[in-house]
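Counting starts at 1 for both ligands and their atoms, following the listed order.
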Amino acid sequence: MKIFGIFGDPIEHSLSPVMQNEALRALGIDAGFYAFRVTKVDLKDAIRGAAAMGFGGLNLTIPLKEKALELEFLRADELALAIGAVNTISFDNSGLVGEKDETKGEEEVEDIGDCDQESLVRGHNTDGWGALLALQDAGVRIDESRVLLIGAGGAARAIAYTLEKEGAEISIANRSLKRAHELATSVGGMGFCLCDLEKLVGQADIIINATSVGMRAGDARLFDGRLLKRRQAVFDIVYNRDTKLLQDARAAGSVAIDGVMMLVYQGAKALEIWTGAKAPVDLMERAVREALAEREAKLGLKSDKASR
Ligand code: NAP
């Protein structure tokens with residue numbers, strides 16, 4: 001049986017095991033996908049351990065995506081390097097990865113520090129791909145669209161690079177203006193502070209929240225929802241709840257897209273990198289939505305008990 005996993009800290013709430021195990025079962029692959037709590041300090045040992053034990057592949061989440069690029073034995077692909085973050089790791093010795101890099105000669109393969117050529121560790125980033133497919137799924141046109149991207153963290157960077165390649169014109173608003181400017185410069189866009197949102201919202205075709213605002217029930221709105229218009233698409237990559245932003249978007253008649261399909265498609269792409277198989281995205285989506293509904297029902301029960 002092959003083992004796959006997701007490393008992160010905290011990791012208890014990850015939906016990847018439920019989603020990936022459903023996919024592996026449906027594909028008839030004898031494998032299990034597990035969540036492992038791994039801190040930044042332990043990342044190097046944990047990845048080497050996974051390689052040594054013949055893991056089929058890994059996902060990385062907060063706070064490890066950027067840290068992975070510091071590992072001397074990890075070969076990040078062009079996109080992961082441009083984004084500055086790795087969310088998927090494949091091992092050439094997994095026996096499931098069909099895609100070896102035939103362009104690399106033997107000498108080049110040997111020159112990877114203290115990791116032997118049988119266990120090449122490759123880094124990828126599938127977050128931007130996930131966001132692109134989630135938008136396309138909802139019928140949103142990207143080419144020549146004006147995108148207002150709120151946030152400049154790891155997920156925002158992946159989205160910015162991907163949508164820029166698809167021909168979008170990108171404005172980035174972020175709490176830290178410096179980070180907004182840095183990301184905007186690298187994708188040929190403009191950087192703004194959150195205080196500019198009131199002015200920027202009306203000018204955009206697509207508005208994307210790539211901050212963590214909205215993850216908690218009590219989070220304040222980033223901007224007044226009454227600024228939204230019917231012709232706009234609003235994509236909130238937060239996936240653990242129906243956010244105020246999505247509620248505002250529906251009230252305005254805009255196209256409202258939650259973060260679930262981004263999660264599903266980034267996972268589907270990772271699964272395809274590891275196994276070469278086409279991922280069953282419908283089943284993966286159902287597994288995620290059911291797990292979220294179950295979680296919400298449990299929380300409801302808890303607050304019912306507390307208010308009794
Ligand atoms: P990150 O690298 O830590 O970036 C966090 C971003 O949120 C930064 O832009 C940060 O601004 C901003 N932010 C945090 N607290 C804020 C606040 N109170 N007010 C305004 N801005 C605030 O995290 P990430 O990995 O990019 O993830 C961001 C969100 O995307 C999380 O909710 C995560 O769950 C979600 N996500 C979803 C998917 C999916 O598949 N749907 C994939 C990846 C991530 P500063 O730069 O000023 O700190």
Can you check atom 40 (O) of ligand 1: any protein non-hydrogen atom closer than 4.0 Å?
yes
Verify ring-ring contact (aromatic ring centres under 6.0 Å, His included) between W274 and F4, making sure each step is shown before the conclusion.
CA-CA 9 Å; W274 300 325; F4 295 85; 5.2 Å; yes
Report yes if some N/O of N174 lies less than 3.5 Å from some N/O of ligand 1; otherwise report no.
yes
Is there a polar contact between ligand 1 and Q266, counting only N or O atoms under 3.5 Å apart?
no
Does ligand 1 come near enough to S176 that some N or O of the ligand is less than 3.5 Å from an N or O of the residue?
yes
What protein heavy atom lies closest to atom 14 (C) of ligand 1? Include the residue and the distance to one decimal.
S212 OG, 3.3 Å
Residue L263 vicinity, atoms of ligand 1 by number, heavy atom under 4.0 Å
39 (C), 40 (O), 41 (N)
Any donor and acceptor pair, going by atom type alone, linking the side chain of D45 with main-chain N or O of D42 inside 3.5 Å?
no
Heteroatom distance test (G154, ligand 1): nitrogen or oxygen, under 3.5 angstrom:
yes
Can you check whether G259 has an N/O within less than 3.5 Å of an N/O in ligand 1?
yes
My understanding is that only one of L148, D236, I237, I172 makes a side-chain contact (heavy atoms from CB on, under 4.5 Å) with I208; could you say which?
I237
Can you tell me if T243 uses its side chain to pair, donor with acceptor, with the backbone of L246 under 3.5 Å?
yes
I'd like to know whether ligand 1 has G130 as a neighbour, heavy-atom separation below 4.0 Å.
no
Mind checking whether R175 has an N or O less than 3.5 Å away from an N or O of ligand 1?
yes
How close does the nearest protein non-hydrogen atom get to atom 3 (O) of ligand 1, and which residue and atom is it?
I62 CD1, 4.9 Å
Check the side chains of N59 and S16 for a donor-acceptor pair under 3.5 angstrom, ignoring hydrogens and angles.
no
Distance-only donor-acceptor pairs under 3.5 Å for side chains of residues 159-167, two or more places apart:
unit_1	atom_1	unit_2	atom_2	d
Y161	OH	A82	O	3.2
Y161	OH	S186	OG	3.2
T162	OG1	A158	O	2.7

Within 45° of the six-membered ring axis of F73 and under 6.0 Å from that ring's centre, is NZ or CZ of R48 located there?
yes
Out of A210, G153, A173, who gets a non-hydrogen atom closest to atom 28 (C) of ligand 1?
A210
Under 3.5 Å side-chain donor-acceptor pair for D205 and Q232
no
Does a side-chain heavy-atom distance below 4.5 Å link L64 with K40?
yes
Identify the closest protein heavy atom to atom 42 (C) of ligand 1: which residue and atom is it, and at what distance?
M262 CE, 3.6 Å
Is the closest protein non-hydrogen atom to atom 33 (C) of ligand 1 under 4.0 Å?
no
For ligand 1, is L194 a contact, meaning one of its heavy atoms is under 4.0 Å away?
yes
Which heavy atom of V86 sits nearest a heavy atom of A68, and at what distance?
CB-CB, 4.0 Å
Does a donor on one side chain and an acceptor on the other come within less than 3.5 Å for T39 and D9?
no
Taking atom 37 (C) of ligand 1 as the reference point, the nearest protein heavy atom with its distance
I237 O, 3.3 Å
Measuring only between side-chain heavy atoms, which start at C-beta, is L58 closer than 4.5 Å to F7?
yes
Taking both backbone and side-chain atoms of A155, is any N or O found less than 3.5 Å from an N or O belonging to ligand 1?
yes
How close does the nearest protein non-hydrogen atom get to atom 19 (N) of ligand 1, and which residue and atom is it?
V213 CG2, 3.5 Å
Counting each atom of ligand 1 from 1 as listed, which ones have a heavy atom of G151 under 4.0 Å away?
9 (O)
For ligand 1, is there an N or O atom under 3.5 Å from any N or O atom of V238?
no
Would you say the side chains of N21 and Y34 form a donor-acceptor pair under 3.5 Å?
no
Would you mind checking which non-hydrogen protein atom is closest to atom 12 (C) of ligand 1, with the distance to 0.1 Å?
T211 CB, 3.7 Å
